[in-house]
Each structure stands twice: as structure tokens, then as C-alpha cells.
Amino acid sequence: MLAPVDREPDPSDRAWQFAVQVAVLFAIDPAGLGGVRVRAQAGPVRDAWLALLQSLLPGRAWKRMPAAIGDDRLLGGLDLPATLAAGRPVLQPGLLAEADGGVLVLAMAERLPPATAARVAQAMDAGAVSIARDGLEVRRSTRFGVIALDEATADDEQLAAALGDRFAFDLDLRPISPRVCLDDSLQQLASASGDDLAAARDALGEIDLPPRLIEALCGAALALGVDSMRASLLAVAAARASAALDGNAAAGDDDARTAAALVLAPRATRLPPAPEAAESGVDPAAPPPAEATAPASASDPVPDAAPPPPASTEPQPRADAELDDTVLEAARAAIPAGLLSQLVTGAGLRRTQRAAAGKAGAAVRGGQRGRPIGSRRAPPGQGRRLHLIDTLRAAVPWQGLRRSVQPQAASRVLVRPDDFHVARLRQKTATTALFVVDASGSSALHRLAEAKGAVELLLADCYVRRDQVALIAFRGRQAELLLPPTRSLVRVKRSLSGLPGGGGTPLATALDAAATLADSLQRRGQSPLLVLLTDGRANVALDGSGGRERAQADALAQARRLALLQAPLLLIDTSPKPQREATELAQAMRARYLPLPHAGAAAVSQAVSQAVQQAAQLAGRAAMR
């Protein structure tokens with residue numbers, strides 16, 4: 001049972017009480033409740049909560065899984081030493097099978113690869129791990145709970161949605177002060193003995209769940225904007241565990257309120273309606289109907305009063321409406337304060353994931369350098385390195401057959417050319433942001449200073465991502481490469497600040513120079529990104545002659561050449577109003593069009609970040625072909 005606290009708790013104490021409740025309920029039914037997402041950095045609070053949970057699960061498996069685990073260790077595979085010693089294939093169980101009946105702790109869960117997260121989620125759903133590799137086909141039953149240690153910050157990686165949807169609890173330990181770990185009165189909150197938890201686990205399957213309680217939990221999930229059906233099922237499982245902990249034969253109202261507060265409240269995407277609005281059935285945000293707001297006129301005829309409906313047809317109020325309100329109110333009270341403020345202001349809960357610093361480059365596979373990501377069947381040589389373990393793993397299942405054909409072979413392991421595996425490597429390529437700035441008279445007259453400010457903002461983002469930056473400026477009758485690709489932010493700013501304005505607009509010449517530089521970057525294995533700042537109105541042709549019509553035609557031709565490079569392009573219109581010429585130029589380049597008057601600093605930065613991600617994806621596809 002959960003022991004009460006005599007003194008008045010502060011917010012940190014209340015958060016610790018919630019954390020203790022989560023630990024106790026999860027210890028009763030780890031597999032049924034799925035898991036707990038623990039938001040906290042490494043520290044005394046998280047260590048104390050993990051120690052508390054481990055003490056509530058004595059004798060249970062407690063397996064820690066790193067984020068960079070391989071399939072052989074996760075799912076299981078061929079045990080090479082045992083296979084060579086026995087002369088027959090011997091299976092080595094994976095970490096998912098070893099966690100049967102216990103807990104799997106995911107370290108740095110926010111960095112878990114999507115493929116690994118999918119395999120863990122599949123094992124949770126199926127209650128088993130299937131292996132069909134290395135000449136083996138085995139299916140092992142396993143049921144476990146998951147503790148996902150999420151150390152992500154606001155703009156960092158996020159936990160895979162496939163896993164978070166299968167966890168009953170989302171626990172935030174960041175508001176808790178470390179002093180609660182040393183407070184004796186707070187430590188007595190989890191006073192459930194091992195016998196109490198064992199009795200609760202034995203009685204879990206016999207707990208009755210009234211239909212009215214299930215309806216109340218599902219209604220609270222709908223009111224809070226929780227779309228996933230798994231959330232309602234997990235709330236039902238939490239209510240059943242709470243009833244088993246109290247020794248009751250059926251779940252009651254208190255159990256439903258506990259489940260709503262611990263399971264549904266952290267998933268809320270909107271505020272529930274006020275009680276008055278819920279009773280009247282009217283949306284408080286909706287405007288009143290016209291007939292209700294129009295003043296009554298004395299000359300208007302008064303309609304005859306309709307006879308009351310028969311008693312048998314009168315709608316009867318639900319007998320469990322009070323339970324619905326109390327469950328919903330318990331969930332509303334448990335919504336975190338930060339989340340509540342976002343809901344009030346209408347801010348979305350799902351933040352878009354931005355590319356982490358230093359990870360903007362494309363992942364190129366098949367190179368001779370980089371991080372190993374597995375192996376493939378191929379002969380070594382020509383820069384390919386032999387993957388010894390996978391080569392032996394491919395050869396070992398055939399040793400019995402090969403010994404029967406070659407009984408006099410002296411080799412301990414008979415290896416054939418078809419068994420050879422080479423290492424697969426992945427290497428990050430560098431991204432080069434190429435800024436093409438219009439410094440002609442029309443651009444200088446309009447907003448050259450603001451264009452420089454936008455470029456400096458983008459340069460700061462490129463510096464954080466460790467991207468290279470190049471600068472081309474065009475004015476008069478020529479385009480000049482002011483700065484070749486470099487990582488020096490100071491050099492780029494110095495070149496940009498000293499850029500004069502005035503003269504003609506040799507747009508075609510600038511696009512030709514940009515296409516030539518981008519092509520050379522692609523040939524060197526880099527990922528180019530072009531950001532063009534201009535008003536799109538050319539008046540100098542490619543050969544240096546004047547004439548607006550011919551200059552515009554040459555610019556469109558060079559823009560189509562740029563489109564053939566299939567590099568991400570961003571055209572920022574620097575004119576006071578969006579221009580038709582700039583729009584046509586962006587369409588010919590297949591570039592994203594962004595008018596500077598309507599693009600603030602955040603919009604420009606976000607547009608370039610998306611273009612950088614597109615550059616990485618395009619370069620990755622090109623490397624795979």
C-alpha cells in the first residue's frame with residue numbers, strides 16, 4: 001500500500017509521489033503495462049527511481065540495452081564458439097529473450113535507431129522473438145516491460161513513436177529536487193512489501209472491471225484528445241493493477257482516477273471542456289446562434305407551446321455521469337503545468353524534429369572509410385575488408401556436409417568462396433552551402449542590407465552544423481567567387497560586409513558560376529545546397545551584352561541547367577513585393593521560393609534547415625545507386 005505523507009508536499013514532492021505510484025504499478029504488471037518513458041538526465045533522482053523499481057522486482061531479469069546494439073545481440077543468432085566445439089549449430093539467445101519476465105532498460109532511448117525500435121515493439125506485441133538466419137529457425141516466447149531512459153532536450157532526438165505508444169507511463173523526473181531522494185518520509189511512500197506485490201500479481205487476472213469504468217476511461221481519453229486506442233487499453237490495465245494492489249476483487253472509482261492521472265494526462269493534446277459546457281452540450285468557443293442573440297420583437301408572433309413529450313421518450317441522464325466527471329477531473333489535475341500552458345495558448349505538442357548538429361551530411365554507403373554498419377556477401381579485395389565473424393557464421397552451418405565430402409581436410413573450419421563477407425561502411429559527407437548574392441543596383445536599391453542580414457543568420461546555422469560555406473556575388477557584368485568553400489565564419493562575414501552594391505544584374509552569369517561550382521562539389525562527393533538571393537530581374541546577358549529580354553532568357557536557361565543537378569535550391573526574393581520574374585526563375589530551377597518581405601529570421605532559418613536535410617537525402621540516394 002502507498003503510505004501517506006504527514007506534511008504538506010511541495011510540487012517536487014508531489015511529482016515524486018507520482019513517480020513512486022508509477023514504479024509500484026509497473027512492478028505489478030511490467031509486460032501488461034508496456035513500459036515507462038523516463039525523461040531525465042543521469043543523476044541522483046533517476047538513479048534513486050531506478051533503484052526503487054529494481055527493489056520492487058527482486059529476482060526478475062534486469063537487462064540494459066545500448067542504443068547501438070546489433071541484431072545478433074538483440075534477437076539472437078549463431079554461437080560460434082559453441083558451434084565449433086559441438087560440430088552443430090548452437091543458438092545464442094538474444095537480449096529480448098533474456099529479458100523474459102523482467103525489464104529491458106533502454107539506455108539513451110532517444111537515439112535508438114528506428115529499425116531497432118521496431119524490433120523491440122514487435123517483440124512486445126507478439127510476446128515472442130523469431131529468428132530465421134544462419135541456418136536456424138527458432139521462436140522463443142518472451143514477455144517483458146521496458147524502461148526507456150530519455151535524455152533528449154527540446155530540440156534533440158525524440159523517442160520513437162512506435163515505442164512511446166506502447167508505454168503506459170510517461171514520467172518526467174526533471175522537476176524533482178534531489179533532496180527527495182534523502183527524505184525518509186518520502187522514501188516511505190513505497191511501503192508495499194514483496195508479499196503484497198506477489199499477491200497483487202496473482203490476483204491480477206481475477207480483477208473484475210465494470211463496463212461503466214471502461215466507458216469513463218475511454219470518454220476521458222476522447223475529451224483529452226488522445227487518439228490512440230492503446231492508451232485506453234493501457235489505462236484499463238493500470239486500473240486493474242491499482243485494484244489488485246489494494247486487494248479488491250473489482251476496480252473502483254479511485255482506480256479509474258489513478259489510471260486517468262497516470263496514463264491519460266501525459267498524453268493530452270487538448271484541454272477537456274469545462275463542466276458547464278459539457279452539461280449544456282455547447283462548445284464554449286463557438287459563437288452563439290443568431291436566433292439566440294437577436295432581440296425579441298413585440299410584434300413577433302409567439303409560437304404555441306409544444307406539448308411535453310411522453311415520459312417514456314424523455315432522455316434519461318446517465319447514472320455514471322458523475323464518474324465520468326471525476327475521472328476527467330483527475331486527468332485534468334494531473335496534466336503538467338508546462339503542458340497545460342501550451343494547450344491554453346494552442347501550441348502543438350508534437351515538435352518537428354530538427355537535424356542534430358553535425359549530422360546534416362548525407363550517409364554514403366559502400367565507401368572504404370566510415371563506421372561499420374554490418375556486412376554483405378562479397379569477396380575481399382579492391383579496398384573491401386573481410387568481415388571475419390560473418391564469414392565464419394556463414395560457413396559453420398555447412399561443416400557437417402562439407403566434412404562428409406572432404407573427410408581428410410586438415411582445416412578446422414572449411415570455408416568456401418561463397419561464405420566470404422565484407423564490411424559495409426557508412427560515412428558522412430560534407431554539406432556545402434553556396435550563397436549567391438545579388439549586389440546589383442536594383443537589389444541594392446531595395447534591400448541589400450536586409451539580404452546580408454539574412455545571409456549572416458544562415459551562416460550561423462551552417463557553422464553549428466559544421467557545413468562548409470561558399471559565397472558568390474554578382475553585379476555589373478560579372479559574377480565573382482568571393483570565397484571558396486570554407487568553414488571560417490569570420491572570413492565569410494568579412495567578405496559579405498565589404499560587398500558593394502550597384503551596377504547591372506548578370507543573373508545568367510551568376511547561375512552559370514553556381515552550377516559549375518555545385519557540379520565540382522558533387523564530383524568530390526559533397527552535398528551542395530544553393531541559396532540564391534535576388535529579385536530575379538536580369539538585364540545583362542550571358543555574353544555580357546545588355547537587353548532585358550535576352551538576359552531573362554539566358555537566366556531561365558541557366559536555371560534549367562541548375563535543376564538538372566538535382567541539388568536542393570532555395571530562392572529568396574529580395575524585392576519589396578514578390579516579383580513574377582523571381583517566381584518563374586524558381587519554377588525553372590525547381591527551387592523553393594521564399595519572398596523575403598514575408599520571411600522572418602525563423603522562417604528563413606527553417607527553410608535552409610529543410611533544404612540541408614533534402615541535400616542529405618538526395619546525396620544518400622545517389623550513393624546507393
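- A470 and L517 get closest at one heavy-atom pair: CB-CD2, 4.2 Å.
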* Given side-chain contact (heavy atoms from CB on, under 4.5 Å), test R73 with E98 step by step and report yes or no. => CA-CA 10 Å; R73 184 67 186 104; E98 294 175 357; 3.0 Å; yes

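- Of all heavy-atom pairs spanning A567 and Q522, the tightest one is CB-NE2, 4.0 Å.
- For the pair V146 and L163, the minimum side-chain heavy-atom distance is 4.5 Å or more.
- Side-chain contact between D170 and R267: absent, with no pair of heavy atoms (C-beta onward) separated by less than 4.5 Å.
- Counting heavy-atom neighbours within 6.0 Å of R523 CZ, excluding the residue itself, gives a total of 12 or less.
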Output side-chain donor-acceptor pairs under 3.5 Å for residues 53-63, partner residues at least two apart or in another chain, one line each.
residue	atom	partner	partner atom	Å
S55	OG	A51	O	3.4
S55	OG	L52	O	2.6
R60	NH1	G101	O	2.8

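- Across all non-hydrogen atoms, the minimal contact from I176 to A15 is CG1-CB, 3.6 Å.
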* Steps toward side-chain contact (heavy atoms from CB on, under 4.5 Å) verdict (R377, D390) -> CA-CA 9 Å; R377 192 182 298 272; D390 285 356; over 6 Å; no

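- When the shell of 6.0 Å around CD of Q122 is examined, it contains 12 or fewer heavy atoms from other residues, nucleotides or ligands.
- Annotation: salt bridge (charged side-chain N to carboxylate O under 4.0 Å, His left out) contacts of R524 (sequence neighbours excluded): none.
- Side chain of D165 to backbone of A162: no donor-acceptor contact under 3.5 angstrom is found.
- When all heavy atoms are compared, the tightest approach of P30 to G102 is CB-O, 4.3 Å.
- Within a 6.0 Å radius of CZ in R143, no more than 12 heavy atoms belonging to other residues, nucleotides or ligands are found.
- Annotation for V263 and A235: closest pair CG1-N, 3.8 Å, computed over non-hydrogen atoms.
- Here CG of L530 is found 9.0 Å from CG of L521. Values are rounded to the nearest 0.5 Å.
- In this structure, CD1 on I69 lies 12.5 Å from CZ on R64, to the nearest 0.5 angstrom.
- Minimum heavy-atom separation, L173 to A40: CB-CB, 3.8 Å.
- Side-chain contact between T116 and M65 is present, with at least one heavy-atom pair separated by less than 4.5 Å.
- In this structure, OG1 in T269 is found 8.0 Å from CG in L224, a value given to the nearest 0.5 Å.
- Contact annotation: the side chain of Q21 never approaches that of F169 to less than 4.5 Å [non-hydrogen atoms, C-beta and beyond].
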* Worked verdict on W49 versus I147 for side-chain contact (heavy atoms from CB on, under 4.5 Å) -> CA-CA 11 Å; W49 187 85; I147 302 296; 4.1 Å; yes

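- The CG atom of L569 lies 10.5 Å from the CZ atom of R590; values are rounded to the nearest 0.5 Å.
- Contact annotation: the side chain of S232 never approaches that of L217 to less than 4.5 Å [non-hydrogen atoms, C-beta and beyond].
- Considering R174, R46, R111, R39 as possible partners of E151, the one that fulfils the salt bridge (Lys or Arg N to Asp or Glu O under 4.0 Å) test is R46.
- To the nearest 0.5 Å, atom CG of residue L112 and atom CD of residue E110 are 9.5 Å apart.
- Separation of atoms CG (L245) and CD1 (I28) is listed at 4.5 Å; rounding is to 0.5 Å.
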